[in-house]
Amino acid sequence: MNPVEEQIRKVLLLEKAKGLRDRAVLGGLDRYLKRLVENHSLSPESPLLRSIAALPSHGYASLDPARRRRWLESTLSAVSGDPATPARPRPAGGRPSEPRRRPSAPAAPGKGRALPGGKQAASAERPPGEGALEAPITVLQGVRQAMAAKFARLGVHTVRDALYFFPRRHNDFAHIRKIAELVVGQEQTVIVNVWSAEDTRIGRRLRGTEAWVADETGMMRVVWFNQPYLARQLRTNAPLVLSGRVNLYKGQKTLESPEWELLESDDLVHTGRLVPVYPLTSGLPARTARRTVRDALDTYLEALPDPLPDALRRHRRLWRLQQAVRQMHYPDGWPELDEARRRLAFDELLVIQIGVLRRRRLWQEGGRAQPLTLPEPVRRGFLESLPFQLTSAQQRAMESILGDLAQERPMSRLLQGDVGSGKTVVAAAALVAAAANGRQGVLMAPTEILAEQHYRTLCNLLTAGQEMGWAGLLSPPYLERPLRIALLTGSLPSKEKASVQRQVAEGVVDVAVGTHALIQEEVGFERLGLAVVDEQHRFGVMQRAALRGKGPSPHLLVMTATPIPRTLALTLYGDLDISVIDEMPPGRKPVKTLWTMPHERDDAYRFVREQVSEGRQAFVICPLIEESEVLAVRAATQEYERLSREVFPNLRLGLLHGRLPSAEKDRVMRAFRDHDLDILVSTAVVEVGIDVPNATVMMVEGADRFGLAQLHQFRGRVGRGAEQSYCLLLSDDPSEEAQERLKLMEQTHDGFVLAEADLRLRGPGEFFGTRQSGMPDLKVARLSDVQLIEEAREEAGTLLDADPDLSGAEHALLATEAARLWSRVVDEAH
Ligand code: ADP
Ligand code: MG
């Protein structure tokens with residue numbers, strides 16, 4: 001290593017150690033690098049220079065943390081010449097001395113594409129180094145800054161991104177039909193000329209485009225609903241590719257809302273193959289996207305290293321990465337596309353599983369836990385003191401948890417159960433086990449009011465009804481000594497807060513109940529044995545990690561009321577064991593659910609009034625406005641005012657939304673809980689589990705905008721008391737898919753059925769906002785692919801058994817991928 005490289009290596013290592021915040025050198029890394037390049041004549045072949053050149057035009061400073069890390073890693077390996085991550089990998093099986101092969105796939109005919117020339121000619125002799133994959137896409141042919149900005153909007157910044165910029169579908173030029181050959185009911189592709197296209201009314205309300213198109217065998221009608229603007233783009237005589245299912249309309253073949261693309265040149269048509277259609281953003285022509293990716297494939301694919309060890313790949317019969325990437329873009333046929341997808345999906349899933357399994361191992365191996373066994377008399381005493389019998393689902397969950405607690409390995413278990421399924425009493429059993437072993441337990445909730453609710457519930461469960469002050473002493477008959485239980489929330493007077501914290505820290509308090517924030521930030525525990533966390537999706541990876549700092553490894557129990565389909569649970573909570581309470585306590589009346597038409601709104605209001613006159617309470621949820629919280633707040637405020645003035649002038653209404661200070665939010669919630677309000681008008685913030693048994697009506701406006709899981713959560717807010725409860729779903733203009741969701745809500749009360757349907761209808765991203773869930777984005781993999789997920793999980797386990805921190809050379813790339821993925825997830829969760 002020469003002195004310059006030595007120097008820069010130090011700087012880069014320092015930058016890494018300082019957390020990638022561009023703090024390693026005064027004036028910033030970019031200026032430092034610039035000076036370095038100016039002052040030393042580095043060879044154009046130098047990997048260091050290439051790495052520096054690979055930075056985007058606004059430099060290192062403009063990169064997000066994940067990209068910074070990526071660039072640092074690749075530059076470090078470039079300057080150290082580390083053989084584990086060679087700067088210039090040879091493609092597997094490649095012959096080093098041979099000139100670069102053209103990809104076999106898209107042999108563009110006709111005028112085709114010129115061989116790489118100009119700036120690429122210099123590198124034409126050998127494959128580009130791996131670092132080149134991190135080069136900005138402006139190194140690709142014909143991509144200027146303006147175009148790069150458009151690609152950036154699609155998440156494509158580097159050459160690597162371009163290789164992984166997968167088509168959203170393919171045009172099947174291998175099987176082009178003539179209009180006369182089209183078969184009704186099948187997906188097919190035709191190439192036609194536009195005869196006419198106009199913006200038109202379709203039916204009474206919809207506007208759309210209606211076009212007549214033709215080839216030499218006939219003519220047909222094509223319509224696009226809701227897309228009147230399309231008409232302008234379809235000029236007469238323009239050649240057009242259409243793919244879609246052929247229907248009959250008034251006895252004639254027709255295409256409804258097919259995928260379409262203008263053929264700007266006909267060269268692709270003659271390829272007779274599957275041609276990629278990329279996701280587009282405005283101003284990025286289809287051809288440009290295609291050409292850019294083609295160039296990336298032609299020039300850089302060979303530099304893409306395969307992260308999978310050969311043995312694993314063979315064992316699972318997976319394709320090589322380069323082959324898969326190429327076939328993903330230009331498949332030889334549909335089966336090949338499936339194979340390519342399988343390989344790439346496997347990669348995504350494997351990396352996720354490596355991440356979650358590592359977290360699990362860290363948790364479990366990070367330290368011994370104190371085994372907490374629940375002595376039989378105590379268990380019996382606890383169960384007998386309850387005002388009800390556990391359901392068998394509750395019993396099963398309790399057994400698993402007590403089984404885990406008895407181990408030295410710290411428990412990490414997720415307890416899933418629909419709202420009202422009775423999770424708290426199961427948690428209480430675990431807390432009793434901790435106390436019986438002289439350990440502290442903590443129960444955390446996302447909001448103050450929920451923490452209070454848990455506190456009361458616990459007091460009730462542990463003493464059969466006796467209520468306590470804020471830091472009370474309970475004497476369950478089955479325990480040898482009284483239990484000190486404390487509530488810890490932000491609104492406690494500061495002196496009391498400090499005193500409770502001190503008691504917790506000194507080990508005087510046996511069970512602490514409080515908000516996530518408070519417990520994490522402010523409290524040390526003397527002898528923490530068990531942490532119970534309610535409402536998982538507000539509680540991320542980071543917080544879980546923070547908990548460990550609270551003492552020797554505590555056992556961890558996470559509770560969630562969001563039913564999570566198994567596949568999603570395996571990925572999202574793959575680091576946890578899972579127990580499910582899939583049975584409701586007896587005697588619950590299912591909430592009557594009605595999808596209500598807009599013209600029935602007045603009837604709905606009348607119904608609310610009647611319920612209130614009988615002493616009940618109601619929720620009114622305002623439509624979800626995703627674009628901006630400010631708009632959502634304004635809409636809710638207006639709805640609140642309208643309802644107060646015009647609809648329910650003699651009733652007591654409250655307003656709840658996300659912009660209220662949390663003390664105010666709590667005040668409103670309390671007022672509703674204590675029946676000082678009749679109707680609570682709210683944005684979606686009310687979703688999280690407050691118990692108001694007296695509320696019997698849940699009215700959801702704009703119900704079509706919410707997912708099933710969320711609607712189900714809303715519905716769970718009522719039906720908690722003895723009275724019959726109702727859920728009214730209002731929607732002015734639901735899409736077909738939304739109608740399906742609303743109908744399902746009427747038909748089923750099973751949260752898991754709804755969750756599966758939600759996942760199927762809307763995909764995981766929507767299922768619950770990807771960001772807050774900490775769920776990495778899946779580009780290729782589908783959560784419906786249970787088998788592949790399980791294969792990936794097995795392989796991840798095997799890999800980690802053999803090489804726990806993936807430090808082996810053959811795992812270096814996987815380790816980088818895993819770090820990359822999880823750093824992105826963690827960044828986004830904050
Ligand atoms: P969640 O799972 O939503 O947290 P809770 O633990 O708050 O549900 O329980 C909801 C209600 O059901 C509580 O009032 C609780 O006392 C009651 N409950 C729990 N288990 C049973 C049971 N086995 N039989 C009857 N009622 C029960
Ligand atoms: Mg609960």
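Counting convention: from 1, in listed order, for ligands and their atoms alike. FYI, the numbering just counts along the sequence from 1. Computed from a predicted structure; not experimentally measured.
- Aromatic ring centres of Phe619 and Phe714 lie farther apart than the 6.0 Å criterion allows.
- Judged by distance alone, with hydrogens and angles left aside, the side-chain atoms of Thr457 form a donor-acceptor pair with the main-chain N or O of Gln453 at under 3.5 Å.
- For Arg409, the CZ atom counts as loosely surrounded, since its 6.0 Å shell holds 12 or fewer non-hydrogen atoms of other residues, nucleotides or ligands.
- By the criterion of a heavy-atom distance under 4.0 Å, neither the backbone nor the side chain of Gln453 is placed next to ligand 1.
- Close approach of ligand 1 to Thr424 (heavy-atom distance below 4.0 Å) involves ligand atoms 4 (O), 5 (P), 6 (O), 7 (O).
- Short contacts between ligand 1 and Thr391, defined as distances under 4.0 Å to a heavy atom of the residue, involve ligand atoms 23 (N).
- Val419 places a side-chain heavy atom less than 4.5 Å from the side chain of Arg717.
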Would Thr683 and Val633 count as a side chain to side chain contact (heavy atoms under 4.5 Å, CB included) if you check the C-alpha gap in whole Å, the side-chain angles of each, and the deciding distance to 0.1 Å? CA-CA 7 Å; Thr683 57; Val633 168; 5.6 Å; no
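- Within the structure, the closest approach of Gly417 to ligand 1 does not fall below 4.0 Å when heavy atoms are considered.
- Taking any N or O of Pro585, backbone or side chain, none lies under 3.5 Å from an N or O belonging to ligand 1.
- Residue contact annotation: Ala561 has no non-hydrogen atom under 4.0 Å from ligand 1.
- Those atoms of ligand 1 that come under 4.0 Å of a heavy atom in Leu390, given as number and element, are 23 (N).
- Not close to ligand 1: Glu583, with no non-hydrogen atom less than 4.0 angstrom away.
- Checked against a 3.5 angstrom limit, the closest N/O atoms of Phe388 and ligand 1 fall outside it.
- Proximity to Gln389 (heavy-atom distance under 4.0 Å) selects the following atoms of ligand 1: 22 (C), 23 (N), 24 (N).
- Using a 4.0 Å cut-off to heavy atoms of Val419, the atoms of ligand 1 that qualify are 3 (O).
- Using a 4.0 Å heavy-atom cutoff, Asp418 is listed among the residues neighbouring ligand 1.
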Which is it for Asp404 and His555 under the side-chain hydrogen bond (donor to acceptor under 3.5 Å, both in side chains) test, yes or no, and what are the steps along the way? CA-CA 8 Å; Asp404 286 358; His555 295 280; over 6 Å; no
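- Under 4.0 Å is where a charged nitrogen must lie from a carboxylate oxygen, and between Asp510 and Arg481 at least one such pair does.
- Ionic pairing of Lys592 and Glu746 is not present here: no N-O contact between side-chain nitrogen and carboxylate oxygen is shorter than 4.0 angstrom.
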